[in-house]
Amino acid sequence: MAATSEGKAEGRRCNGRPWDGIADELWSDWRWQFRNRIRSLKKLSAVLERPVASLAAWSPVIRAYPFAVTPYYLSLLDPADPVDPLRRQCFPDPREIDPAAAGSEDPLDEEGAMPVPGLVHRYPDRCLVIATGVCALYCRHCNRKRMWRRKEPGGTRERLQTMVDYIARTPQLREVIVSGGDPLLLSERLLDWFLGALRAIPHVEVLRIGSRAPVTLPMRVTPGLCAMLQRHRPLWLNTQFNHPRELTPEAAAACERLLMAGIPVSNQSVLLKGINDDYETMRALLYGLERISVRPYYLFQCDPVRGTDHFRAEIWNGMGIMERLWRNLSGLCLPRYVLDCPGGRGKIPLQPISLLPEGEAGKHSFDKTGRMD
Ligand SMILES: *Cc1c(COP(=O)(O)O)cnc(C)c1O
Ligand code: SF4
């Protein structure tokens, strides 16, 4: 292999990995990235340079909840460090299938709020479409991980047409959130058709896409895809950066292509214990997002999905972090910290109650107009 490509491979910190020395054209080709995802323990053991037998404890975990990570995302993490914040988001953990684990696989009762299969209608004016069950990388903390092992036809035209029909006959719906899974992994033609069909409904004013592709497979955000999405504006895209190390040049370029196409990019992080539940990490993430013009939108309290307890931070800890962020960061950097209520009662903001300067709380009162004495 040529010295130059070796040097580049080193730059990606993927020496000795199965794709060592891969040409840049392939590395930056999302189809190559998708096809070469690491999905088996055999392939992972080669990456980790550990015998397959030593990964035996992960075998039942990935049978219950499939495993997949893109070479790109894998190149960002330290595979040997069990507490690496990126590794923990994608490597299996036996705690996911702990038989003593409490909770439901669908604590938000999304299945109970589906007037037609795959469409969650919880708020009067907007609904969420689960357009596919496929993701580039399966996040171990995902609140829809129950869907990964389903064999049902996700993302077929018939299924999407049923949703279009429901939305067309429900005039109070003014916004449709196309989520998943990752809708950017649908075929471009099918996604184009679906967005066009939604756009053709007179009462649908706004479209939104939920996709983690800018983080896990940024090369998917091609100029061609952006040109297609641009035709369906007003269209907003929400993604999920959880850690400042995910803000790579590739990810920033993907967001830039979307922004230049007139698609505002917002971020919904999940507060994850040991990954981003400390002030310094969260501040670095929010500063980094503002630098690449991505607006922090939500910080989610991790939903009580069965087998994700090890990811869940204390709400009071989250509130403490939020309070410090409010005191110190620009308003453009501040997400809203929210809890999605179990049972499907919707999201509620978790606001720090006192925003008075430290030591001032209790010294003042407000009159009805909000004037402080
Ligand atoms: C989160 C969510 C939405 C969108 O809510 P916003 O507050 O507008 O981001 C819509 N439908 C469902 C079912 C949701 O869970
Ligand atoms: S990208 Fe989203 S839907 Fe897919 S596994 Fe991650 S959190 Fe779940």
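In each ligand, atom 1 is the first atom listed, and ligand 1 is the first ligand listed.
His121 does not count as a contact of ligand 1, since none of its heavy atoms falls under 4.0 Å from the ligand.
Between Val294 and the options Leu286, Asn267, Leu258, a side-chain contact (heavy atoms from CB on, under 4.5 Å) holds for only Asn267.
Under a 3.5 Å cut-off, the side chain of Thr162 and the backbone N or O of Glu158 do form a donor-acceptor pair. Put simply, the side chain of Asp125 never gets that close to the backbone of Glu175: no donor and acceptor are under 3.5 Å apart. With hydrogens and angles ignored, the 3.5 Å screen pairs no side-chain donor or acceptor of Arg208 with any backbone N or O of Trp236. Judged by distance alone, with hydrogens and angles left aside, the side-chain atoms of Arg37 form a donor-acceptor pair with the main-chain N or O of Ala136 at under 3.5 Å.
Among protein heavy atoms, atom 12 (C) of ligand 1 sits closest to Tyr123 CE1, 3.8 Å. Remark: minimum distance from atom 4 (C) of ligand 1 to any protein heavy atom is reached at Ile177 CD1, 3.4 Å. The nearest heavy-atom contact from the protein to atom 2 (Fe) of ligand 2 is Gln240 NE2, 4.3 Å. The protein atom (non-hydrogen) at minimum distance from atom 9 (O) of ligand 1 is Tyr297 OH, 2.7 Å. Nearest protein heavy-atom neighbour of atom 13 (C) of ligand 1: Val120 CG1, 3.5 Å. Scanning all protein heavy atoms for the shortest distance to atom 1 (S) of ligand 2 gives Arg212 CB, 3.5 Å. Among protein heavy atoms, atom 4 (Fe) of ligand 2 sits closest to Cys135 SG, 2.2 Å.
Cluster annotation: Met260 is not connected to Val265 through the hydrophobic network of ILVMFWY side chains, with a link wherever side-chain heavy atoms come within less than 4.5 Å. Phe300 and Ile130 end up in different hydrophobic clusters when Ile, Leu, Val, Met, Phe, Trp and Tyr side chains are linked at under 4.5 Å.
Considering backbone and side-chain atoms alike, Arg126 places an N or O below 3.5 Å from some N or O of ligand 1. Checked by distance only, ligand 1 and Arg122 stay at 3.5 Å or farther apart across all their nitrogen or oxygen atoms.
Contact atoms of ligand 2 toward Leu137: 5 (S) (distance under 4.0 Å to a heavy atom of the residue). Per-residue contacts place Tyr298 under 4.0 angstrom from the following atoms of ligand 1 (heavy atoms of the residue considered): 6 (P), 7 (O), 9 (O). Atoms of ligand 2 lying under 4.0 Å from any heavy atom of Gly181, numbered from 1 in the order shown and given with element: 3 (S).
Residue Gln268 does not touch ligand 1, judged by heavy-atom distances below 4.0 Å. Contact annotation: for Lys347 versus ligand 1, heavy atoms closer than 4.0 Å belong to the side chain alone. With a 4.0 Å cut-off on non-hydrogen atoms, Glu110 does not touch ligand 1 at all. With a 4.0 Å cut-off on non-hydrogen atoms, Leu108 does not touch ligand 1 at all.
Residues Pro335 and Ser269 have side chains not in contact (no heavy-atom distance under 4.5 Å, counting atoms from C-beta outward).
Looking only at atom types and distance, the side chain of Tyr73 has a donor-acceptor partner in the side chain of Glu246 under 3.5 Å away.
To the nearest 0.5 angstrom, Thr281 atom OG1 is 5.0 Å from His243 atom NE2.
Counting heavy atoms only, Cys142 comes closest to atom 8 (Fe) of ligand 2 of the residues Ser179, Cys142, Ser211.
Using a 4.0 Å cut-off between a side-chain N of Lys or Arg and a carboxylate O of Asp or Glu, Arg126 and Glu205 do not qualify as a salt bridge. For Asp98 and Arg95, the salt-bridge test fails: no basic side-chain N is under 4.0 Å from an acidic carboxylate O.
For atom 6 (Fe) of ligand 2, the set of nearby N, O or S atoms under 2.8 Å includes one belonging to Cys139.
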